[in-house]
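What follows is one structure encoded as structure tokens, with my remarks underneath.
All values derive from a computational prediction rather than experimental measurement. In each ligand, atom 1 is the first atom listed, and ligand 1 is the first ligand listed.
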Amino acid sequence: MSKVQNYDPDCLFCKIIQGDIPSDKVYEDEVCYAFRDINPQAPTHILVVPKTHVPSCAAVSADNAGLVAHIFTVIARIAADEGLENGWRVVSNVGPDGGQTVPHLHFHILGGKRLSGQMG
Ligand code: 5GP
Ligand code: ZN
């Protein structure tokens with residue numbers, strides 16, 4: 001049985017959640033899955049994804065906003081567990097102009113160094 005709701009067989013992150021592609025898991029519950037980015041941009045770089053295939057923040061609506069609210073509670077817990085007490089950044093890229101490369105909603109947690117002031 002699929003662990004992912006609305007599973008997209010062409011989606012890399014659906015396959016990672018499902019376990020069909022290996023990942024360095026950080027956290028998992030019934031709603032979301034967190035794992036280390038394969039190409040880290042900071043000493044700590046973790047991706048948090050819903051276990052429902054939602055393409056991006058552009059597809060967040062009243063129907064699925066609860067996923068996002070839950071994920072933000074998980075993000076705060078992971079940041080604390082990773083020892084990022086001096087601060088961190090959460091980012092979600094949307095579409096080509098936003099630099100999104102994987103069309104499954106995900107939040108980057110970045111920390112462990114003083115991050116660039118550049119936001120665009
Ligand atoms: P985006 O560019 O869509 O905001 O973020 C996608 C992220 O997924 C990138 O930071 C990229 O390094 C990461 N990524 C791409 N393929 C894989 C993979 O197979 N495993 C892991 N752990 N991360 C990946
Ligand atoms: Zn997906």
How far is atom 14 (N) of ligand 1 from its nearest protein heavy atom, and which residue and atom name does that atom have?
Ile38 CG2, 3.8 Å
Number the atoms of ligand 1 from 1 as they appear, then name those within less than 4.0 Å of a heavy atom of Val102, with their elements.
3 (O), 6 (C)
Quick one: which of Val91, Leu12, Val49 has a heavy atom closest to atom 16 (N) of ligand 1?
Leu12
His108 near ligand 1 by a heavy-atom separation under 4.0 Å
yes
To the nearest 0.5 Å, atom CZ of Arg36 lies from atom OG1 of Thr44 at 6.5 Å
Heavy atom to atom 13 (C) of ligand 1, shortest distance: which of Asp37, Thr101, Asn39 holds it?
Asp37
Distance (rounded to the nearest 0.5 Å) between Ile71 CD1 and Lys51 NZ:
11.0 Å
Nearest to atom 5 (O) of ligand 1, what protein heavy atom do you find, and at what distance?
His106 NE2, 3.0 Å
Report the nearest protein non-hydrogen atom to atom 8 (O) of ligand 1: residue, atom name, distance rounded to 0.1 Å.
Phe13 CZ, 3.5 Å
Identify which protein N/O/S atoms are less than 2.8 Å from the Zn ion (ligand 2).
Cys11 SG, Cys14 SG, His53 ND1, His104 ND1
In terms of heavy-atom contacts, Val60 and Ala65 come closest through CG1-CA, 4.3 Å
Determine the minimum heavy-atom distance between Arg89 and Ser116, stating which atoms define it.
NH2-O, 2.8 Å
With the side chain counted from C-beta on, respond yes when Phe13 and His106 share a heavy-atom pair under 4.5 Å apart, and no when they do not.
yes
Above 12 or not: heavy atoms from other molecules or residues under 6.0 Å from CG of Asn86?
no
Point-to-point distance, once rounded to the nearest 0.5 Å, from NZ of Lys25 to CD1 of Ile46:
13.5 Å
Does any N or O of ligand 1 fall below 3.5 Å from an N or O anywhere on Arg36, backbone included?
yes
Tell me whether Thr52 contacts the main-chain N or O of Val54 through its side chain, where contact means a donor paired with an acceptor under 3.5 Å.
no
One should read off an interatomic distance between Leu47 CG and Leu110 CG, to the nearest 0.5 angstrom, of 8.5 Å
Does Ser23 have a heavy atom less than 4.0 Å from any atom of ligand 1?
no
For Phe35, the atoms of ligand 1 under 4.0 Å from one of its heavy atoms are 21 (C), 22 (N)
For the residue pair His45 and His108, categorise the inter-ring angle as parallel (less than 30°), tilted (30 to 60°) or perpendicular (more than 60°).
tilted
